[in-house]
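Worksheet: the structure to be examined is printed underneath.
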Amino acid sequence: MIDNQQNPFDHDVVVVGGGPAGSTAATLLAQYGHKVLLLESGRHPRFHIGESMLPFSEPVVERLGIDWSAGNLSKSGAVFIDEATEQRMYFPLAINRKTYQIERAPFDQMLFENAGKHGVDTHQDEKVLDVACQPAGVDVVSDKGQYCCRYLIDATGRSALMGRKDKAIKRIENLGKFAVYTHFENIQAGEEADELFRSGNIYVPVVDIGWIWIIPLAGRRLSVGLVVQKERPKDCDAEELLRRYLAASPLLSRLITGAAQFAPVRVEADFSYTNQSRYGVRYACCGDAAGFLDPVFSSGVFLAFTSAARVADRVHFGLSDGREADPELHTEDDDQYLLGFNTMRLFVERFYQSNIVHNLFFEADRDPDLKAQIAQLLAGDLWVDDNKLQQSLLAGRRSVS
């Protein structure tokens with residue numbers, strides 16, 4: 001345990017952003033015994049997209065001491081579909097580890113409240129206005145107070161507090177451009193729908209303009225969205241575009257017949273980017289504040305969990321050794337972060353640029369080793385040295401730094 005009695009600062013660490021990344025980093029640092037303040041600009045529960053979890057998030061979830069199965073649908077795998085050719089391929093994901101399709105509002109709230117249970121000082125409805133990270137300490141100014149701490153963790157999601165402050169956000173242009181989505185409830189009984197909810201699989205139909213997600217949620221509800229990679233047709237807005245593609249899908253038409261739309265149609269833009277200032281003097285970024293990718297392989301919360309845990313562990317060592325002002329504190333860990341981020345980035349890039357679904361996924365049954373390698377990446381098992389597909393992705397093209 002850390003002795004905070006001699007600490008001249010208000011807190012050891014201030015974490016800005018109370019989503020999965022921020023709540024994870026704050027909880028783990030509090031478990032180490034540090035005095036942590038977690039500032040969230042909004043209030044839980046709040047809506048958020050990104051409901052399909054990856055199995056290799058489980059080690060971090062176990063460290064947090066939460067039960068992510070409660071009220072959520074167990075997820076077996078992912079099914080990629082081309083309705084035009086009637087091709088489909090199933091990849092089992094939950095082989096060695098479990099995972100779930102979750103509703104983000106209560107899930108994020110549980111993570112935030114769990115931080116409080118571990119001793120984190122949690123504030124909601126408090127927006128950070130400015131930060132100054134200096135060799136002697138960090139000053140944080142919010143709309144409700146001022147704080148001085150030894151370290152700052154930026155978990156502000158796509159607001160990317162430090163990245164935008166440093167003008168270090170670099171867009172990744174060749175992935176998805178925007179997503180448009182909604183939710184349905186009261187999905188009627190039927191063989192196809194019953195199988196979807198029994199398996200908990202995510203369905204990914206590929207379409208000419210991008211791809212569709214179909215995520216089953218507890219209570220026979222569906223999250224349905226369209227990610228657009230090409231230019232949107234000029235004769236319709238995003239909501240009409242979604243309705244066109246839902247109506248054009250025989251699978252979705254069957255699934256939502258008799259169902260009720262229970263959420264507004266929402267649009268998310270400014271998709272993929274990397275933050276080229278992920279760490280520096282007395283600060284580090286994690287989750288979407290470090291970088292964000294097209295969600296086709298459901299990497300968002302997974303990268304939030306894993307990057308937050310890595311940052312928290314390194315900050316703990318830095319604080320314990322008195323090295324927290326070292327601007328290179330996270331250099332070694334950042335290489336590991338980039339290995340995961342770049343693997344997913346290049347995987348998504350191949351999804352769009354080389355028609356990987358048709359050329360690789362739908363052919364995977366012919367090669368059990370290849371199918372296992374694809375499933376390994378889709379499950380989030382990225383920090384290995386024996387996945388030939390991953391090695392090929394990383395060798396084929398240089399990535400972000």
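The first residue in the sequence is number 1, and the count goes up from there.
- When atom types are taken as modelled, the side chain of Asn275 and the backbone of Ala289 share a donor-acceptor pair closer than 3.5 angstrom.
- Judged by distance alone, the side chain of Asp381 and the main-chain N or O of Leu377 form no donor-acceptor pair under 3.5 Å.
- Counted by atom type alone, Tyr279 and Asp333 present zero donor-acceptor pairs between their side chains at under 3.5 Å.
- Formation of a donor-acceptor pair under 3.5 Å by the Ser76 side chain with backbone atoms of Asn201 is not found in this model.
- Looking only at distances, a side-chain donor or acceptor of Ser249 sits under 3.5 Å from a matching main-chain atom of Leu252.
- In this structure, Leu346 CG and Gln353 CD are separated by 11.0 Å, a value rounded to the nearest 0.5 Å.
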* **Test log, rule salt bridge (Lys or Arg N to Asp or Glu O under 4.0 Å), inputs Glu239 and Arg243** => CA-CA 6 Å; Glu239 182 169 348; Arg243 299 197 185 284; 2.9 Å; yes

* Asked: Stepwise, does the side chain to side chain donor-acceptor pair (under 3.5 Å) test hold for Thr122 with Glu40?
  -> CA-CA 8 Å; Thr122 58; Glu40 164 56 41; over 6 Å; no

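- Ring to ring, Tyr100 and Phe107 are not that close: their centroids are 6.0 angstrom or more apart.
- Annotation: Phe184 is not in aromatic contact with Phe262 [ring centroid separation under 6.0 Å not met].
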* Asked: Where do Leu293 and Leu175 land on the side chain to side chain contact (heavy atoms under 4.5 Å, CB included) test, with the steps shown first?
  -> CA-CA 8 Å; Leu293 289 172; Leu175 307 185; 4.0 Å; yes

* **Residues Met53, Ile202; criterion side chain to side chain contact (heavy atoms under 4.5 Å, CB included); working and verdict** => CA-CA 10 Å; Met53 302 293 103; Ile202 180 175; over 6 Å; no

* **Candidate pair Asn355 and His358, rule side chain to side chain donor-acceptor pair (under 3.5 Å), full reasoning** => CA-CA 6 Å; Asn355 200 6; His358 292 88; 2.7 Å; yes

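- Using a 4.5 Å cut-off on side-chain heavy atoms (C-beta onward), Val296 and Val227 make no contact.
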* To do: Apply the test side chain to side chain donor-acceptor pair (under 3.5 Å) to residues Trp213 and Ser52: give CA-CA distance (whole Å), side-chain angles for both, the deciding distance (0.1 Å), then the verdict.
  => CA-CA 10 Å; Trp213 77 68; Ser52 195; over 6 Å; no

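- Distance alone, capped at 3.5 Å, is enough to place a donor-acceptor pair between the Ser272 side chain and the Asp294 backbone.
- The closest side-chain heavy-atom distance from Lys371 to Pro368 is not below 4.5 Å.
- At a cut-off of 3.5 Å, with distance as the only test, a side-chain donor of Glu113 or Gln109 sits close to an acceptor on the other residue.
- Shortest non-hydrogen contact noted between Ala304 and Pro20 is CB-CB, 4.4 Å.
- One side chain, His183 or Glu51, offers a donor N or O that lies under 3.5 Å from an acceptor on the other.
- With rounding to the nearest 0.5 Å, the separation of SG in Cys148 from CG in Asp10 is 6.0 Å.
- Salt bridge Asp334/Arg278: present, at least one basic N to carboxylate O contact under 4.0 Å.
- Phe292 carries Arg158 over the face of its six-membered ring, with the cationic atom under 6.0 Å from the centre and within 45° of the normal.
- Within the 4.5 Å cutoff, the side chain of Gln336 has heavy atoms near those of the Trp383 side chain.
- Salt-bridge formation is detected for the pair Glu231/Lys177: a Lys NZ or Arg NE/NH1/NH2 atom is positioned less than 4.0 Å from an Asp or Glu carboxylate oxygen.
- We find that Glu185 and Arg221 are not joined by a salt bridge, their nearest charged nitrogen and carboxylate oxygen being 4.0 Å or further apart.
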* What do the steps show when you test Asp82 against Arg88 for salt bridge (Lys or Arg N to Asp or Glu O under 4.0 Å), and what is the final call? -> CA-CA 6 Å; Asp82 185 337; Arg88 64 170 55 200; over 6 Å; no

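- A salt bridge links Arg366 and Glu363; the closest N-O separation between the charged side-chain nitrogens and carboxylate oxygens is under 4.0 Å.
- The shortest distance between side-chain heavy atoms of Ser307 and Phe341 does not fall below 4.5 Å.
- Checking side-chain atoms of Arg282 against main-chain N and O of Pro135 turns up a donor-acceptor pair under 3.5 Å.
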* **From CA spacing to verdict: side chain to side chain contact (heavy atoms under 4.5 Å, CB included), Ile153, Val16** => CA-CA 6 Å; Ile153 293 179; Val16 186; over 6 Å; no

* Give the intermediate values and the outcome of side chain to side chain donor-acceptor pair (under 3.5 Å) for residues Tyr245 and Asp208. => CA-CA 10 Å; Tyr245 275 85; Asp208 59 346; 2.6 Å; yes

* **Pair Gln390-Gln373, side chain to side chain contact (heavy atoms under 4.5 Å, CB included): steps then yes or no** => CA-CA 8 Å; Gln390 181 182 27; Gln373 292 163 25; over 6 Å; no

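- Here the CZ atom belonging to Phe112 is positioned 8.5 Å from the CZ atom belonging to Arg46, to the nearest 0.5 angstrom.
- Minimum heavy-atom separation, Glu192 to Arg254: OE1-NE, 2.6 Å.
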* Go through the steps for Asp194 and Arg220 under the test salt bridge (Lys or Arg N to Asp or Glu O under 4.0 Å), then give the verdict. => CA-CA 9 Å; Asp194 292 348; Arg220 295 191 74 87; 3.0 Å; yes

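- Contact detail for Leu241 and Phe178: the closest heavy-atom pair is CD2-CZ, 4.2 Å.
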* To do: Would you please test Asp235 and Arg244 for salt bridge (Lys or Arg N to Asp or Glu O under 4.0 Å) and show each step?
  => CA-CA 12 Å; Asp235 65 339; Arg244 286 185 187 181; 3.1 Å; yes

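- We find that Asp125 and Lys144 are not joined by a salt bridge, their nearest charged nitrogen and carboxylate oxygen being 4.0 Å or further apart.
- Heavy atoms only, all atoms of each residue included: Phe362 and Phe80 are closest at CE2-O, 3.3 Å.
- Two residues are said to be in side-chain contact when any heavy atoms from C-beta on lie closer than 4.5 Å; Leu222 and Leu217 fail this criterion.
- Counting only heavy atoms from C-beta outward, the side chains of Val36 and Asp121 never approach each other to under 4.5 Å.
- Remark: side-chain polar atoms of Trp211 are not paired, donor with acceptor, to backbone N or O of Leu226 under 3.5 angstrom.
- Checked for salt-bridge contact, Asp12 and Arg150 meet the test: a charged N lies under 4.0 Å from a carboxylate O.
- His11 contributes no side-chain N or O that, together with a main-chain N or O of Tyr151, makes up a donor-acceptor pair within less than 3.5 Å.
- Looking at heavy atoms from C-beta onward, Tyr283 lies in side-chain contact with Ser277 at the 4.5 angstrom threshold.
- In this structure, CD1 in Ile102 is found 12.5 Å from OG in Ser69, a value given to the nearest 0.5 Å.
- Using a distance-only test at 3.5 Å, with no hydrogens or angles considered, a donor-acceptor pair links the side chain of Thr182 to the main chain of Ala263.
- A cation-pi arrangement is not found for Arg97 relative to Trp68, the charged atom failing to lie both closer than 6.0 Å to the ring centre and inside a 45° cone about the ring normal.
- Annotation: cation-pi geometry satisfied between Arg266 and Phe47 (NZ/CZ under 6.0 angstrom from ring centroid, within 45° of ring axis).
- Side-chain contact of Asn174 with Glu349: a donor-acceptor pair under 3.5 Å is present, judged by distance alone.
- You'll find the side chain of Leu37 stays beyond 4.5 Å of the side chain of Val13, heavy atoms only.
- Gln31 places a side-chain N or O within 3.5 Å of a backbone atom of Arg63 that can act as its donor or acceptor partner.
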